[in-house]
Visitor: 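Below you'll find the structure I mean.
These numbers were taken from a predicted model, which means no experiment stands behind them. Residue numbers begin at 1 in each chain, while the letters A, B, ... track the order of the sequences.
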Protein chains: 2
Amino acid sequence: MATKEQIKDSAFYCFAHYGYEGTTMQDIASAVGLKKQSLYAHFGSKEELYRAVMKEQYRQIALELYDAYINLKEKPVEELLKGLFMKYAEIFSDRRRLLLWKRAAIHLGSGDTKHLSSDAWPVEYSFMEELHKTIREPHPTLEDPAVFQTFIASYQLMIQGYLEWMLVKGHDNEIWKAVWTSFWRGAMSCLCAN
Amino acid sequence: MATKEQIKDSAFYCFAHYGYEGTTMQDIASAVGLKKQSLYAHFGSKEELYRAVMKEQYRQIALELYDAYINLKEKPVEELLKGLFMKYAEIFSDRRRLLLWKRAAIHLGSGDTKHLSSDAWPVEYSFMEELHKTIREPHPTLEDPAVFQTFIASYQLMIQGYLEWMLVKGHDNEIWKAVWTSFWRGAMSCLCAN
DNA sequence: GTCTATAGAGGGATAGAC
DNA sequence: GTCTATCCCTCTATAGAC
């Protein structure tokens, strides 16, 4: 692996585990086996390195999600949403990604201006518009924007809740399945009741 | 307000918004109108101040939750769980608490040994055992430990998911209600199906 | 592209006057 | 209990030899 990639990889680990302020150039360099000053031959500053890591990760995550979506979009909505939920669990079984993701959410919510994850959230949802259309079609109840919004909110919320669970207790197939089943039945009964 | 309380209050804000490493004694002192050195007359170190803030917050949150539980425990399970969920939303409508809570979850999940929120999670769940018994009684299906575990997991997960939602988009009564309805119907239909 | 040396700033913390 | 002065350390970043 090229040195620049090794640095990014090490930085990925450190930023995820210790946060931006909690990580020093020293930490990153040590893991690669370099002096910290040498990092500046590859990245102009700590912040530039951080942004490079974030950008790559978000791009990668968005790609993997979109890829899953493409493979699932012809299937019934239940299978599609279940498959995407599974993809989330798969993607974030990488602890570094999970930590980075959760930290980014805090940056978004804290009004912390400094090293915002400005490019972050939008990227993930680049195909969301398309996904929404796919879901709405076979379910006329979802034509109502208010109903649709709460449906999607419940879905996203379940996913974020499960990621929180993974963060503290790790992935658990039984729990995953139970959560999905409960969500889907609840969502369906709400749709039919409206 | 006594100076010591003012310091804790300012520290609460800073630690929540900027994190432990991102906060300096300078920041905290400025907000109170003191020089940073004066803080050491009240707290031996930055870490001690941090622990004081965390301890107080967790104690307070646990108290408020327990209080809500006491007021609700005679009611039907649906009302009890819904009331507790509402209490969570209420407690964490304080942005500082929400941020601190989310940061603590990351500390728990990152293996970051330094300033662990060691006293954190257990405190909240000090009355959980009791709550669990209260829920189990009227629902014989829940006697099965596996069923019960997934039921509680779904519940906690929904709450954590909603807190994540609040972090990014703020509290929304419509969403809150929809999420609860969906959860409860899903949970019920799962219980009846088993 | 990696090293040594070093600048320059800011952090946590202590000592001692008032 | 708050201040000024100060210590010591670590951090980011630059300069320049190899």
Side-chain angles (χ1 to χ4, degrees), chain A residues 1-56 99-100 103 106-107 110 112-118, chain B residues 1-56 99-100 103-104 106-107 110-118:
Chain A
M1 188 158 47
T3 308
K4 189 161 183 170
E5 291 307 309
Q6 277 182 285
I7 293 171
K8 272 208 289 198
D9 199 61
S10 167
F12 180 21
Y13 180 89
C14 291
F15 286 137
H17 279 78
Y18 308 114
Y20 182 81
E21 280 91 359
T23 297
T24 71
M25 296 299 263
Q26 184 75 265
D27 295 332
I28 298 167
S30 299
V32 188
L34 287 176
K35 298 295 170 187
K36 59 179 175 175
Q37 294 92 331
S38 303
L39 301 183
Y40 291 90
H42 301 274
F43 297 93
S45 68
K46 183 183 176 183
E47 187 169 333
E48 191 184 312
L49 174 51
Y50 177 75
R51 287 189 185 281
V53 168
M54 294 301 272
K55 197 173 169 183
E56 183 174 309
L99 286 164
L100 223 51
R103 288 189 192 277
I106 288 180
H107 287 149
S110 68
D112 179 351
T113 53
K114 296 170 205 167
H115 5 273
L116 205 71
S117 44
S118 47
Chain B
M1 190 158 45
T3 308
K4 188 159 182 172
E5 290 308 307
Q6 277 183 284
I7 293 170
K8 271 208 289 199
D9 199 61
S10 167
F12 180 21
Y13 180 90
C14 292
F15 286 138
H17 279 79
Y18 308 115
Y20 182 80
E21 280 92 357
T23 297
T24 71
M25 295 300 264
Q26 185 75 264
D27 295 332
I28 297 167
S30 299
V32 187
L34 287 176
K35 298 296 172 186
K36 61 174 178 175
Q37 294 90 332
S38 304
L39 302 183
Y40 291 90
H42 301 274
F43 298 92
S45 68
K46 183 184 176 184
E47 188 168 333
E48 191 186 312
L49 174 52
Y50 178 75
R51 288 190 185 280
V53 169
M54 294 301 272
K55 194 173 170 183
E56 183 175 310
L99 286 164
L100 222 51
R103 287 189 192 278
I106 288 180
H107 287 150
S110 69
D112 180 350
T113 52
K114 296 171 205 166
H115 6 274
L116 204 72
S117 43
S118 46

Visitor: Without swapping roles, check the side chain of B:T23 against the backbone of B:Y18 for a donor-acceptor pair under 3.5 Å.
Guide: no
Visitor: For B:E48, which residues count as a side chain to side chain contact (heavy atoms under 4.5 Å, CB included) partner, sequence neighbours excluded?
Guide: B:F43, B:S45
Visitor: Under 3.5 Å between N/O atoms: give me all the protein pairs with nucleotides 5-11 of chain D, atom names plus distance.
Guide:
unit_1 : atom_1 : unit_2 : atom_2 : d
D:dA5  : N6     : B:Q37  : NE2    : 2.6

Visitor: Nearest heavy-atom pair of A:A16 and A:L99: which atoms, and what distance?
Guide: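 For A:A16 and A:L99, the tightest heavy-atom pair comes out as O-CB, 3.4 Å.
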Visitor: Tell me, please, which residues at least two apart from A:K8 pass salt bridge (Lys or Arg N to Asp or Glu O under 4.0 Å).
Guide: A:E5, A:E56
Visitor: Of all residues at least two apart in sequence or in a different chain, which pass the side chain to side chain contact (heavy atoms under 4.5 Å, CB included) check with B:S30?
Guide: B:Q26
Visitor: In chain order, what residues pass the side chain to side chain contact (heavy atoms under 4.5 Å, CB included) check against B:S38, with sequence neighbours excluded?
Guide: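 Applying side chain to side chain contact (heavy atoms under 4.5 Å, CB included) to B:S38 gives B:L34, B:K35.
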Visitor: Along DNA chain C, 5' to 3', what are the outermost nucleotides having an atom less than 4.0 Å from a heavy atom of chain B?
Guide: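 Nucleotide range with atoms under 4.0 Å of chain B: C:dG11 to C:dT14.
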Visitor: Could you check whether A:K46 makes a cation-pi contact with A:F15, meaning its NZ or CZ is under 6.0 Å from the centre of the six-membered ring and within 45° of the ring axis?
Guide: no
